[in-house]
Amino acid sequence: MSVHRAWWVASAAALVIIGAGACATTAGLLVSPLHHEFGWPHGTISAAASVNLVLYGLTAPFGVAAMDRFGMRRMATAALLLIAAGAGLTTLMSAPWQFVLGWGLLVGTGCGALATTFAALVADRWFAARRGLVAGALTAATVFGQFALLPVFSLLVDFDWRAATGTLVAVALLVAPLAWAVLRDRPSDVGLLPYGASRPEPRDPATSVTRAVRVLPWRSGAFWLLASTFAICGASTNGIMWTHFTPAAHDHGMPAGVASSLLAVIGVVNVLGTIGSGWLTDRLNPRLLLTAYYCLRAGSLALLPGLLGPSAQPALIAFAVVFGLLDVATVPPTIALCRELWGSDGPIVFGWISVAHQLGAGTIALAGGLTRDLTGTYTPLWTAAALLCLTAAALALRIPTIPREPVTVLAAAPQERAEDGLRCCHRSP
């Protein structure tokens with residue numbers, strides 16, 4: 001029995017996402033080397049990371065529009081080439097603005113085009129069944145790329161940080177031909193139905209940039225509730241863990257390689273956590289899942305300051321495992337809620353919600369660097385992130401459901417049916 005083409009497309013998309021994701025967490029490894037070589041303050045370096053995270057989010061909804069306009073294959077390939085260009089320019093920089101341009105603008109935009117909205121688009125177009133599972137798997141690919149390769153990049157950074165960024169260039173250039181060869185926009189392009197579909201699904205009109213803006217449900221209370229929870233998600237993961245965990249652990253005497261290995265544990269466990277979350281999303285109320293995830297994340301972050309030290313003790317390894325299970329587990333239920341509340345516009349709305357995610361991440365990334373410069377420690381950030389997660393748990397419970405009232409059809413009396421037929425026949429056009 002042949003494998004449905006949708007699974008090959010999903011596999012290729014996963015490798016593309018892993019290649020792009022490898023750039024997302026490397027900025028945390030560059031903080032100390034750039035501080036020592038150029039003398040730049042932590043706040044200045046964090047500014048580039050903040051721009052990267054914000055553009056990562058802002059690009060997402062327009063990335064969906066661009067993929068509709070120019071094709072998924074073309075845009076994925078172009079985004080990988082943009083990442084390669086930005087990382088390559090970073091190896092030649094000598095001033096902070098160049099770091100902001102290369103890493104912040106170019107890499108951030110390229111990674112944003114291949115963010116979770118890309119995963120949502122692939123799952124939505126190519127799968128009628130197992131959408132939650134596929135969305136979870138592709139989201140896990142994002143985090144796997146961001147964390148699993150960190151120990152390797154950490155060793156390269158210890159040798160020469162330019163060698164690490166050069167490796168990122170090579171990864172992006174290697175994955176780009178794969179995207180061009182395998183990805184296709186829709187199953188109908190190759191004469192297939194989506195996986196699990198029994199009949200062709202209606203094809204939505206192409207998403208223009210104006211439609212991407214028009215779809216934004218800015219008057220919807222449900223949108224702002226969901227966007228707020230996802231902003232806190234970004235603040236408590238990308239904003240702190242990706243950018244500041246390694247330098248924070250280094251402040252406690254932990255070698256950068258050990259800290260990166262802990263992040264790698266988070267990335268590997270994320271695969272299980274996110275796929276498991278996708279499986280649960282197909283079966284349980286996503287609102288309850290989000291509430292549980294944020295409560296557990298709050299508890300783990302509250303404990304973290306007391307666990308950091310010069311070595312990776314069992315309690316800290318346990319934190320990495322628990323946090324890995326929770327880190328991106330919020331994405332499948334968030335995608336499911338977008339589809340439930342906004343139907344076929346769900347991937348675009350999720351793109352806008354991802355903007356909130358990255359705005360939260362960028363804000364905390366910048367605040368973390370400034371806090372470190374002013375106080376000499378990152379400790380206040382962990383407590384603040386835990387409190388924010390408790391807030392997100394409460395907000396998730398308030399996300400409304402679409403009322404689905406049963407439709408009752410009453411049989412009309414024969415005389416009433418006849419009169420209705422006469423009125424229908426004599427109704428003016």
Side-chain angles (χ1 to χ4, degrees), residues 3-25 56 60 63-64 67 71-81 83-84 110-150 152 168 170-187 190 192 194-196 238 264 266-279 281-282 324-325 327-332 334-336 347 350-351 354:
V3 178
H4 193 284
R5 176 65 178 265
W7 294 109
W8 292 112
V9 171
S11 299
L15 291 176
V16 169
I17 290 170
I18 289 172
C23 295
T25 48
Y56 185 98
V64 175
M67 286 183 181
M72 189 185 300
R73 177 172 61 165
R74 292 188 182 92
M75 287 305 302
T77 305
L80 289 167
L81 295 178
I83 292 170
C111 289
L114 300 175
T116 46
T117 50
F118 175 51
L121 194 64
V122 171
D124 190 68
R125 286 186 176 180
W126 280 87
F127 292 84
R130 302 291 187 269
R131 275 182 177 143
L133 179 63
V134 173
L138 293 180
T139 303
T142 303
V143 184
F144 184 84
Q146 292 161 352
F147 286 113
L149 300 178
L150 272 180
V152 176
L168 292 174
V171 169
L173 292 178
L174 284 173
V175 178
L178 176 67
W180 184 263
V182 179
L183 292 180
R184 294 296 183 273
D185 294 336
R186 299 174 185 271
V190 289
L192 295 174
Y195 177 81
N238 304 37
I266 292 176
V268 172
V269 176
N270 243 308
V271 176
L272 298 176
T274 314
I275 293 176
S277 179
W279 183 84
T281 299
D282 288 333
L325 291 173
D327 187 11
V328 194
T330 57
V331 173
T334 301
I335 292 176
F350 180 68
S354 296

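This chain uses plain numbering: 1 for the first residue, then up along the sequence. What you see is a predicted model; the values in this text were computed from it and never measured. As a basis for the values below, the full set of heavy atoms in this structure was taken, side chains included, without hydrogen atoms, waters or symmetry mates.
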Could you state the interatomic distance from CG (Leu325) to CG (Leu272), rounded to the nearest 0.5 Å?
-> 7.0 Å
Might you point out which heavy atoms bring Asp282 and Leu133 nearest each other, and give the distance in Å?
-> OD2-N, 3.6 Å
Could you tell me which non-hydrogen atom of Ile83 sits nearest to which non-hydrogen atom of Ala172, and how far apart they are?
-> CG2-CB, 4.4 Å
Shortest non-hydrogen contact from Ala176 toward Leu81 = CB-CD2, 4.4 Å
Any side-chain heavy atom of Met75 within less than 4.5 Å of one from Phe118?
-> no
Take atom CH2 in Trp180; do more than 12 heavy atoms of anything else shown fall under 6.0 Å from it?
-> yes
Side chain Ser277, main chain Gly273, donor-acceptor under 3.5 Å | no
For the residue pair Ala123 and Val134, what are the closest heavy atoms and their distance?
-> CB-CG1, 4.0 Å
Begin from the C-alpha positions of Val331 and Phe350 and carry the test side chain to side chain contact (heavy atoms under 4.5 Å, CB included) through to its verdict.
-> CA-CA 10 Å; Val331 173; Phe350 180 68; 4.0 Å; yes
Closest heavy-atom pair and its distance - Val9, Val122 | CG1-CG1, 4.3 Å
What distance separates Asp327 CG from Thr274 OG1, expressed to the nearest 0.5 Å?
-> 7.5 Å
Distance, nearest 0.5 Å, that separates CZ of Arg130 from CH2 of Trp7 = 7.5 Å
Give a yes or no on this: more than 12 heavy atoms of other residues, nucleotides or ligands lie within 6.0 Å of atom CZ of Arg73.
-> yes
For Leu192, which residues count as a side-chain contact (heavy atoms from CB on, under 4.5 Å) partner, sequence neighbours excluded?
-> His4, Arg5, Pro187, Val190
How about Tyr195 and Trp126: are their ring centroids closer than 6.0 Å?
-> no
Which distance, rounded to the nearest 0.5 Å, do you find between the CZ of Arg186 and the CG of Asp124?
-> 9.0 Å
Could you check Leu173 against Leu80 for side chain to side chain contact (heavy atoms under 4.5 Å, CB included), going step by step and ending with a plain yes or no?
-> CA-CA 7 Å; Leu173 292 178; Leu80 289 167; over 6 Å; no
Could you state the interatomic distance from OG1 (Thr77) to CE (Met72), rounded to the nearest 0.5 Å?
-> 11.5 Å
Search all heavy atoms of Ala76 against all heavy atoms of Ala179 and return the closest pair with its distance.
-> CB-CB, 4.3 Å
OG1-CD1 distance between Thr281 and Ile335, expressed to the nearest 0.5 angstrom = 9.0 Å
